[in-house]
Structures are given as structure tokens and as C-alpha cells.
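Atoms within each ligand, like the ligands themselves, are counted from 1 in listed order.
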Amino acid sequence: MQATEQGRRHSGRAVAARLTAAPGRVDLGGTVVDTWSYGTVPGPSLRAQVGDRVVVDLTNHLPAPTTIHWHGIALRNDMDGVPGMTQAPVTPGASFRYDFTVPDPGTYFFHPHVGVQLDRGLYGTLVVEDPSEPGGYDHDWVVVLDDWVDGTGRTPDQVLASLLAGTTASGMGGMGMGGMNMSGGGMGESMGSPLLGGAGDVVYPHYLVNGRTPTDPVTFNGRPGQRARVRLVNAASDTAFRVAVGGHRLTLTHADGFATRPVTGDAVLVGQGERVDLLLTLGDGTFPFVASAEGKSGNALAVIRTAAGAVPAAGSLPVELDGKVLTVADLAPAESAHLPPRRVDRTHDLLLGGSMNGYRWTINGRTFDQQQPLEVRQGERVRLRMRNATMMFHPMHVHGHTFAVLDAHGRPGVRKDTVVVRPMQAVVLDLDATNPGQWMTHCHNAYHGEAGMMTTLSYRN
Ligand code: C2O
Ligand code: CU
């Protein structure tokens, strides 16, 4: 299975879109903020079918350079949107055409790969449909989660600057202490989770579903007994979410775009950059869809309505949040997503670390500016052994590839492109090096990435 351009599936069709990144005022549901966006928050929801060409013309009206990265898509390297690596940054006033084929169906999203622009309103979704899929649902809902600070007195760049300067006394996770953070308005807030350990570095005033705060949530309408496919995307920068729907169980069918064996639980944990597709059989009434900021205080809310009834209160916390919470450990690949076992040609170790001094996150003791790329050759089966030596979780993402997370028996398991590595835990990933280029491999906590926790999966010949 070659993922080189000639080897990709081509449908002969194309989907075109225009995106303009610009400063502007956005209403988050009663909270009006000045931010940077693609016009709305979230940005457009793009849809294509597998094998289509996606042609997106980006125009930059921001006062800063930008790019678009197509998160999770095994696309051609020169369209991956990493400035200084796969393309020149798109400077203010300039335009760039992204033109690539989408080789795999699934739920994906896009965002800039410049600084902490992801923590503004610069994100949108890309759903790649599979025309041969059986379907079996009545609704297809895209649900995007976010943690929000921009325009509330601080920009993400200011948050990053104060983290780097140490004036917000964060980075305790980096010191291996975990949990205690003071990055809000001077008062400390303990951010820790039994599932994740240190839960983040930034205290956010708002959590959003599809760009709305809980005081004016988005509503999804259906009829009792119908089935809804929920394509859940965590576009947050520093927050994992625990997601549940009052009165419902969730059946997880896809992780990061790829089919899993269906598994049912009460709630699901989604780290930054992760996506899950869920099937819901709709009950009769009005139900809260809640994304609770894991280990932090606050939640995002949407409403599912199949009958008349009061809108759930902004603070509704369904009991399902404390039921069976699905994590990566519960997932196994569907037959179609199975990575066949094979001899491993090359192994790289990635020690995820933090600094005792200042806000500095590392891979093998190095920040990105001093990175030692992870060298691979085309055609190899590559194993990445990640070990987290900090008390903070890291959602680790590899560009341009979908890896198999080794299961408890050491066999290639669920396919993903982003995986949460919990404090003091190890995760082993296998991938086939079939997509030549230079591919970022990094923590999808936007602040950790900017503070150094990034490297490159680098094809050599
Ligand atoms: Cu969505 Cu390099 O990231
Ligand atoms: Cu991290």
C-alpha cells in the first residue's frame, strides 16, 4: 500500500473551497470576542468523498504568517502545512492553494501550524465520506469541542508568553510534580484528573461546542428511536474532554477516522487532536450533550432534542460522565483498519520530558530547535516507543500516517494518528513508512508543542 501520490485512490472528482483567515468579532453565544478565524467559529465544515481532490484557496488577512495543516490526512507532504518544513509561511496579504487527494475516509480537522494560532478560532472540520459504507444512521452530526480564551482579556500568544516567562507559575507538570497550576487570574486552581494526572497548564474561561458557550448551546434535532452518527473533534489546545449524553449510552465506531470494533460505554475521553465517531440511538425528550473539561472546572454543552422539553441547564452534569469511560485501552481495530503484524525494521524511543527550569517540554531531552529527527526509510515498518516521564498527559500526534497502538499483548491494535500518553506511562506505536517526506511528530497540547515538544519523522534515502 503505497501512499505516494500515484498510489493514492483517485475518484476523479474535486471539492473546492476558499478560506480567509482574518481578525474579526465572533459571538460565542452571549460572549462576544475579537479573535482570528476563518469567518466563523468553527470554520467551514468541508465534506469530500474518499479519493477526491480537495482544493482550498487560503487567503491570509491576519497580521501574522499562517498555514493550514490537514490533521490526520495521509496527504502529499508538500500540502501538510508546516511552515519552514513543507512550505513557506503564507505571509499577511498572501494566498496559498492547498491541493491534495484524500486517501482515507473519516473525521478530520484543519488548523494553522504556526505558534498557538490553533487556540484562536482558526479551525474547521474535513469529513471524508466512504460511498461504499453501509451507513445505518439517520443523522450525521459534526461536534467540535474547544477551550476558549482569546478576546477575554488575553490572547493565546500572551498566555504562551506568560507561561514561558514563568509569571503564571505553571509548568508544574514539567517539573514532574503534576496537578497544581496557577495560570488564571492569580488564584491557583488545582488541575488534575484520576484518568490523566496533570490536566493542563491553562485555565480557560469558556468551553465550547461548535463555537457556543453553555448559556446559548447549539441544538441537534431528531426523532425518538433514530440513530445519529456523532463525529466528535477535540480542537482544544490544552484540554481533554470527557463526553457523555444524558440518558444515552455511546457506541464508539471510529477513532481518528478509522473504524474500530464497536464498543459501548457511558462516556468517552477525547484528547486534543483526537476524534471519535459515536452512534447514538435517540431517546424521547431533551438531553444534555456534555463535554466536561477533564481535570479542570467547566464544561461545554449542546442539546439533543427529539421532543418538547426544557433546555438542560448550563451546568447540567449527566450521571453518565461517572459511568464507564471509554479510553484508548478499550479500543480494537475493525478488520478493515487492522495493521497486519510484520517484522519491525526500525525502532525509535521518544522520552517525553519536562524541564525543572522554566516552561520547557522535550522529546529525548531536546526542544524542537535542537531536535534529532526520527529517521526512517520508505517501506519500513517503524516502531515508536513513547514514554512519558512527566506528571502531565501528552496527546502525541504523527503527521501524514495512521499508526497502530500496540495492544496489551504487543500486537498492532487500534489505528490512530493521535494518542494520549498518560503520566509515567508508555505507549508503543507501529506504522508503515509509505508516505515519503518530513512529518511533524509532536504533542498536540499547543503550548507544549510551542515550548519544545516536537520532532520530525524524517524519510531518508
Ligand atoms: Cu493537528 Cu501538527 O497538528
Ligand atoms: Cu504535551
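Legend: residues meeting ring-ring contact (aromatic ring centres under 6.0 Å, His included) with Phe403, ordered by chain and number and at least two apart, are absent. With sequence neighbours left out, Thr35 forms a side chain to side chain donor-acceptor pair (under 3.5 Å) with Asp150.
Using the six-membered ring where Trp is involved, His69 and His71 have ring planes that are perpendicular, over 60° apart on the 30 and 60° scheme.
No side-chain N or O of Glu274 forms a donor-acceptor pair with one of Thr418 less than 3.5 Å apart. Side chain to side chain, Thr155 and Asp157 fail the donor-acceptor criterion of an N or O pair below 3.5 Å.
Aromatic rings of His448 and Trp361 (six-membered ring for Trp) have centroids within the 6.0 Å cut-off, being under it. Taking the ring centroids of Phe110 and Trp70, they lie under the 6.0 Å cut-off. The aromatic ring centres of His399 and His401 sit 6.0 Å or more apart.
Protein-derived N/O/S atoms nearer than 2.8 Å to atom 2 (Cu) of ligand 1 total 3, waters excluded. Counting only protein N, O or S atoms, 3 lie closer than 2.8 Å to the Cu ion (ligand 2).
Shortest non-hydrogen contact noted between Thr455 and Gln372 is OG1-O, 3.5 Å.
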